[in-house]
J.: 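Pasting a structure here, questions to come.
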Amino acid sequence: MSEKENKNKTIIITGGASGIGQATTALLLERGYRVAIFDLEGDALQATRKQYAGNGDVFFAAVDVTNETLVGDMVADVDDNFGELTGLANCAGIAADKHVFDTSPELFRKILDINVVGTFIVGKEAARRMKGRGGSIVNIASISGLRGSKGRSAYGASKGAIVTLTQVMAVDLAEHGLRVNAVAPGPIDTPMVEAVHTQSDRDLYHRYVPMNRYGKPDEIASVIAFLLDDSQSGYVTGEIIAVDGGYRGAGLINRK
Ligand code: NAI
């Protein structure tokens with residue numbers, strides 16, 4: 001789609017103020033879309049407000065994705081007053097790397113609540129609005145939801161749930177003209193990874209990722225944009241696309 005054709009398209013990006021969501025916001029704006037950023041109030045959202053001050057193609061909402069009422073109100077506000085909703089990228093999420101013995105039920109519940117229930121709530125509200133008109137939802141799973149990696153009992157379980165949620169929503173919503181897919185990133189250099197990955201994690205990923213490097217947020221954003229664009233991916237739904245430098249497909253790796 002050309003920049004001009006995308007002018008009438010409005011996408012909500014949760015977690016749009018940091019990392020993968022931030023890169024997706026920048027790419028979609030570059031391609032002519034209107035973008036509604038849903039993120040927690042804080043430094044990242046403040047900085048993003050400043051960055052796009054005066055840009056009428058950006059809408060800001062301080063929203064916790066687990067707050068069903070607020071999400072419902074803000075999705076309606078975007079669709080009614082900013083631009084008819086055509087897509088959603090569910091990029092909000094949190095992570096932890098803790099051995100199963102060190103993972104409390106509170107932490108487990110919190111990660112499931114934000115990563116899974118939050119994705120479900122925003123997806124459902126957006127789908128209600130786009131129903132019958134057409135639209136695309138992109139969720140963010142992870143290679144940690146496809147393979148068992150150390151320390152990922154809560155995070156990995158949440159991302160495994162995103163895989164199934166994506167497939168079920170794709171089935172339920174196909175008759176309403178909506179597509180639902182997920183991207184499963186490998187290690188991507190973002191503020192989340194800076195906070196969670198130790199040097200030893202970084203060394204391990206370099207060993208196990210055939211491309212021998214971390215990915216960049218832009219490299220996820222471009223795949224999200226592909227999945228949001230009906231002209232590019234109009235017959236793709238219920239799919240989980242790993243963007244991981246070859247991690248998932250790898251067997252023996254010749255690494256010195
Ligand atoms: P990030 O920490 O840079 O960005 C996440 C954003 O989500 C932040 O702006 C944060 O404020 C927002 N957020 C967190 N909880 C929220 C809530 N309750 N309501 C609204 N917003 C909330 O992280 P990153 O790396 O960009 O992650 C984005 C997504 O990609 C997450 O779902 C993460 O699990 C997933 N992912 C990231 C990978 C990586 O290596 N960076 C690998 C695989 C998946």
Side-chain angles (χ1 to χ4, degrees), residues 12-27 36-49 51 60-71 74-75 88-97 107 109-123 125 138-147 149 151-152 154-163 165-166 182-198 201-202 204-206 208-209 213-221 223-224 240-245 247-248:
I12 290 175
I13 304 184
T14 72
S18 178
I20 291 169
Q22 182 182 40
T24 306
T25 297
L27 179 64
I37 296 172
F38 283 23
D39 210 313
L40 296 175
E41 191 53 75
D43 292 349
L45 188 58
Q46 295 285 359
T48 312
R49 275 200 193 98
Q51 183 187 354
F60 301 95
V63 179
D64 183 329
V65 293
T66 62
N67 184 333
E68 191 178 347
T69 310
L70 190 55
V71 167
M74 293 318 295
V75 171
L88 161 69
N90 260 318
C91 300
I94 58 167
D97 179 355
L107 177 65
R109 284 196 188 99
K110 183 177 173 190
I111 290 180
L112 286 187
D113 198 26
I114 294 172
N115 293 3
V116 186
V117 185
T119 294
F120 163 73
I121 288 173
V122 189
E125 291 301 328
V138 182
N139 296 327
I140 312 294
S142 168
I143 51 170
S144 299
L146 302 173
R147 308 271 294 270
S149 288
R152 269 47 169 196
Y155 182 74
S158 79
K159 295 302 184 176
I162 293 287
V163 169
L165 176 66
T166 299
V183 177
I188 310 298
D189 263 319
T190 67
M192 173 189 281
V193 150
E194 259 167 52
V196 175
H197 289 197
T198 60
D201 290 330
R202 295 191 77 90
L204 279 172
Y205 273 121
H206 277 268
Y208 286 100
V209 171
R213 68 169 175 88
Y214 274 47
K216 294 178 273 205
D218 292 358
E219 292 172 314
I220 305 301
V223 180
I224 295 173
I240 316 299
I241 301 184
V243 185
D244 64 358
Y247 175 91
R248 186 177 60 161

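Residue indices begin at 1 and follow the sequence shown. In each ligand, atom 1 is the first atom listed, and ligand 1 is the first ligand listed.
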J.: Taking only residues two or more places apart in sequence or in another chain, which ones pass side chain to side chain donor-acceptor pair (under 3.5 Å) with Q46?
T.: E41
J.: When you measure from the centre of the six-membered ring of Y247, is the NZ or CZ of R147 under 6.0 Å away and within 45° of the axis?
T.: yes
J.: Could you tell me if the side chain of D39 sits less than 4.5 Å from the side chain of F60, heavy atoms only?
T.: no
J.: Which protein residues have a heavy atom closer than 4.0 Å to any atom of ligand 1, listed by chain and number?
T.: G15, S18, G19, I20, D39, L40, V63, D64, V65, C91, A92, G93, I94, I114, I140, A141, S142, Y155, K159, P185, G186, P187, I188, T190, P191, M192, V193
J.: Taking only residues two or more places apart in sequence, or in another chain, which ones meet L165 in a side chain to side chain contact (heavy atoms under 4.5 Å, CB included)?
T.: T119, F120, M169
J.: Does the side chain of D201 reach to within under 4.5 Å of the side chain of D97, using non-hydrogen atoms?
T.: yes
J.: Sort and list the pairs that fulfil side chain to side chain donor-acceptor pair (under 3.5 Å) and have at least one residue in residues 16-27, not counting sequence neighbours.
T.: none
